[in-house]
Amino acid sequence: MGAENRRFALVVGRFYEDLAEKLVEGARAELEKHGAETVDVYDVPGAFELPLAAKYAAESGRYDAIVALGAVIRGETSHYDYVCGECARGIQQVQLATGIPVGFGLLTVDTREQAEARVGGGGKRDSGAHAAEAVLASLKVKESVRQQRARTGFAPI
Ligand SMILES: Nc1c(NC[C@H](O)[C@H](O)[C@H](O)CO)[nH]c(=O)[nH]c1=O
Ligand SMILES: CC(=O)[C@@H](O)COP(=O)(O)O
C-alpha cells in the first residue's frame, strides 16, 4: 500500500541519541519511499514515555499511523524488564484502543553491538524501517476492510 496523502508521527525515545536518530532515518526513509505526505517527529526521554506520546498522537486525529522508536540496553538490574515490558504493553494498548496503527520499533538488546546491528546501515536489520513497514501493512488491512464493507455491507471474516 502506498502512503500517498497519509500523515505519520514518529515518537522517539532519545535515551541513546545516536541509535534513536538511525531508527528515525530508517523509518522516515521507508515512509517517504511510499509517498508519505507528512512525517512528524516527537521526542521523549526514553522508552517508558513512548506509549503516552503515541496516545497523544493517535488521539490528535492528525495521523493515520504512528511509529514508536527507541533502544533499551540491558543493565545490571531488573529495570530493563519493566521499561521494555511497559513500553510494549502500552504501545499495544494504544493501537488497540484507538484503531490507529502503532509500529513497535523498540530495540530490546543486551549489548550496544546488538543495537548497532539493528539500526540499518548494512547491519543485521533496520528496525526503524521494519516498524514503518508494519504500520503500512496495517493501514492496508484497514483500507481493505473499509472497501469491502462499502461494497457488501460486510467485512470479510
Ligand atoms: N535504561 C533505558 C531507559 N530508561 C529510562 C526510561 O525509559 C524512562 O525514561 C525513565 O524511567 C523516566 O521515566 N530508557 C530507554 O529508552 N533505554 C534504556 O536503555
Ligand atoms: C535498561 C535500563 O534501564 C538500564 O539502563 C538501567 O541500568 P541498570 O539496570 O544497571 O541500573
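Source: prediction; values computed, not measured. One-based numbering, in listed order, for ligands and for the atoms of each.
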Which residue and atom name correspond to the protein heavy atom nearest [atom], and how close is it?
atom                    : value
atom 16 (O) of ligand 1 : A47 N, 2.8 Å
atom 8 (P) of ligand 2  : E76 N, 3.5 Å
atom 10 (C) of ligand 1 : E49 OE2, 4.1 Å
atom 17 (N) of ligand 1 : A71 O, 2.7 Å

Tell me the contacting part of [X] for ligand 1: side chain, backbone, both, or neither, using a 4.0 Å heavy-atom threshold, strictly below.
X   : answer
F15 : side chain
Y16 : side chain
V72 : both
C87 : neither

Do T111 side-chain atoms and Q114 backbone N/O form a donor-acceptor pair below 3.5 Å?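 Checked: pair present.
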
Quick check: does any side chain N or O of E30 sit under 3.5 Å from a backbone N or O of E133, one acting as donor and the other as acceptor?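 No; zero donor-acceptor contacts below 3.5 Å.
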
Kindly confirm or rule out an N or O of T77 lying under 3.5 angstrom from an N or O of ligand 2. yes

Hey, is ligand 2 close enough to Y16 that some N/O pair sits below 3.5 Å?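 In this structure, Y16 places no N or O atom under 3.5 Å from an N or O of ligand 2.
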
Do you see a donor-acceptor pair shorter than 3.5 Å between the side chains of Q148 and R151? yes

Using a distance-only test with no angle check, is there a side-chain donor-acceptor pair under 3.5 angstrom linking D40 and Y63? yes

Test item: [X] and [Y] side chains (from C-beta on) under 4.5 Å apart, heavy atoms:
X   : Y    : result
R89 : Q92  : no
T38 : R62  : yes
L19 : R112 : yes

Could you list which atoms of ligand 1 come closer than 4.0 Å to a heavy atom of I73? 19 (O)

At a 4.0 Å threshold, what atoms of ligand 1 neighbour a non-hydrogen atom of G46? 7 (O), 9 (O), 14 (N), 16 (O)

Take a 6.0 Å sphere around OH of Y42 and say whether it holds more than 12 heavy atoms from other residues, nucleotides or ligands.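 Above 12, so yes.
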
For F48, is the CZ atom crowded, meaning more than 12 foreign heavy atoms sit under 6.0 Å from it? no

Relative to atom 1 (C) of ligand 2, which among V83, I73, V109 owns the nearest non-hydrogen atom?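 The residue whose heavy atom sits nearest atom 1 (C) of ligand 2 is I73.
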
Hydrophobic clustering (ILVMFWY, side-chain heavy atoms < 4.5 Å, transitive) - are L10 and L50 grouped together?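 Shared cluster, no.
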
Side chain, backbone, both or neither: which part of V72 has a heavy atom under 4.0 Å from ligand 2?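 Within the 4.0 Å criterion, V72 contacts ligand 2 through side-chain atoms alone.
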
List ligand 2 atoms under 4.0 Å from [X], heavy atoms only on the residue side.
X   : value
Y80 : 1 (C)
H79 : 2 (C), 3 (O)
G75 : 7 (O), 8 (P), 9 (O), 10 (O)

Below 3.5 Å, N or O to N or O, backbone or side chain included: is there any such pair between F48 and ligand 1?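 Among all N and O atoms of F48, at least one is under 3.5 Å from an N or O of ligand 1.
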
Below 4.0 angstrom, N of the basic side chain to O of the carboxylate: do R14 and E17 qualify?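 Salt bridge: yes.
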
